[in-house]
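In what follows, chains are A, B, ... by sequence order, proteins preceding strands, each numbered from 1.
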2 protein chains.
Amino acid sequence: MSDAELQTIPAGHGRAVRLPAGAAIEIVNVTGTQVIDTWAFLEGTGDGYMSLPHTRVETGRMVPRPGEAFLTNRREEILRMEEDTSPGIHDTIMAACDAARYERLGCAGYHRNCADNMNEALADLGLPARECPQPLNLFMNIPVHPDRSLEQGAPVGHPGEFVRLRALRDCVVVMSACPQDITPINGADRAPQDGHYRVVPAD
Amino acid sequence: MSDAELQTIPAGHGRAVRLPAGAAIEIVNVTGTQVIDTWAFLEGTGDGYMSLPHTRVETGRMVPRPGEAFLTNRREEILRMEEDTSPGIHDTIMAACDAARYERLGCAGYHRNCADNMNEALADLGLPARECPQPLNLFMNIPVHPDRSLEQGAPVGHPGEFVRLRALRDCVVVMSACPQDITPINGADRAPQDGHYRVVPAD
């Protein structure tokens, strides 16, 4: 783990970080339960983004293992999964929560959500709103059963575990500390927590 | 099965069909081996499309079962999986093949691909090119193993099986008879075949 300063993503909110090629970001599971929806967008290309469907074709896995790269929608390597001290249970197939999701769950009025958090965080860097791609849902546990049903599982990680993602191209990494408090995806107590990260400069 | 006329998608090519709400399309696995990448776009909204990540959150399954609906990226119901006479093995997590995929597989020169087929088919209807969403890969077999590795499996269907998709909103359905001839995804003989479909008018 880097000794760079730990930054906080307030519970239910998002943060965006410019990550030049060669730098890395460590996303830390301080509580052991909080899901962090994560996206990466290429700098300066307009529409290039980290694409989990393209990554799966290349790696032949639901989630890249340490040493494997995430690809963009143009199949360029954008981030490397450099280290993962967690059990490696991350989701790559469920859409980010959004206003419509909470409406369907019966919420009256606005509920904070990861899709809006992504665009709020981009706006904080002066970047325009965009369609929300499939996120890398770090520390999120979606078991795929043999009958191909999916479960909204409680998290299986432990406090202090982290993943280190290394930028292979200049990009913007966006994270959302998921505000989901209706399903147990952020832990059985349904109490979303802060997220945490460190930026590790290039050597 | 409808007695509407069977239409052909030439091997390795795409076709697009306008499907008004209430009409249906039957996509037929005539040979038992041919994968059909399938997309649906809302008419008149600019950017609404069938989204498998949003559909999975709603259905809690990798693939909708008969009676369940596919959602758009705005979580509106767009198509219903009305009938499926196949074993129900369809892929929803692998990106469409594209020019970059065949480059990475070592092909010299242009190889036909599903992403370009999608845009060619849209152009045939006078519709603009667009980003290629995660397709519904009908009859495509991607086993998810317990260690969460993925396999490019040979198809498990049988000749004549079909799925019937009912439009719940006015939409454009695009299909590509996948040109993949390097992996066994279209059968062990790696010989892409024609695709077939029928349009069933609303009652």
**Q** Where does B:Glu151 contact chain A at under 4.5 Å (heavy atoms): side chain, backbone, both or neither?
**A** neither
**Q** Counting heavy-atom pairs under 4.5 Å with chain A, which one of B:Thr55, B:Thr183, B:Asn73 comes out on top?
**A** B:Asn73
**Q** Could you state the interatomic distance from CG (A:Asp98) to NE2 (B:His54), rounded to the nearest 0.5 Å?
**A**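 So the gap between those two atoms works out to 5.0 Å.
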**Q** Less than 4.5 Å apart, side chain to side chain, heavy atoms only: is that true for B:Ile93 and A:Met62?
**A** yes
**Q** With a 4.5 angstrom heavy-atom cut-off, could you sort out which part of B:Leu71 is near chain A: side chain, backbone, both or neither?
**A**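 Side chain only.
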**Q** Does the side chain of A:Val57 come within less than 4.5 Å of B:Arg104's, by heavy atoms?
**A**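 When only atoms from C-beta onward are counted, A:Val57 and B:Arg104 do not touch, as no gap falls below 4.5 Å.
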**Q** Identify which part of B:Glu103 has an atom lying under 4.5 Å from any heavy atom of chain A, answering side chain, backbone, both or neither.
**A**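 For B:Glu103, no heavy atom lies under 4.5 Å from chain A.
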**Q** Heavy-atom pairs under 4.5 Å with chain A: which of B:Leu52, B:Leu150, B:Thr59 has the most?
**A** B:Leu150
**Q** Identify which part of B:Ala96 has an atom lying under 4.5 Å from any heavy atom of chain A, answering side chain, backbone, both or neither.
**A** backbone
**Q** Which region of B:Ile89, side chain (C-beta onward) or backbone (N, CA, C, O), has a non-hydrogen atom less than 4.5 Å from a non-hydrogen atom of chain A, or is it both or neither?
**A**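 For B:Ile89, the contact with chain A is made by backbone and side chain together.
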**Q** When only pairs under 4.5 Å are counted, which of B:His145, B:Gln152, B:Gln134 shares the most heavy-atom pairs with chain A?
**A** B:Gln134
**Q** What closest approach, in Å, do B:Cys97 and A:Arg75 show between heavy atoms, and which atom pair accounts for it?
**A**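 Closest heavy-atom pair between B:Cys97 and A:Arg75: CA-NH2, 3.8 Å.
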**Q** Between B:Arg148 and A:Gly88, is there a donor-acceptor pair closer than 3.5 Å when you use the side chain of the first and the backbone of the second?
**A** yes
**Q** Is the closest side-chain heavy-atom distance between B:Asp147 and A:Arg61 below 4.5 Å?
**A** yes
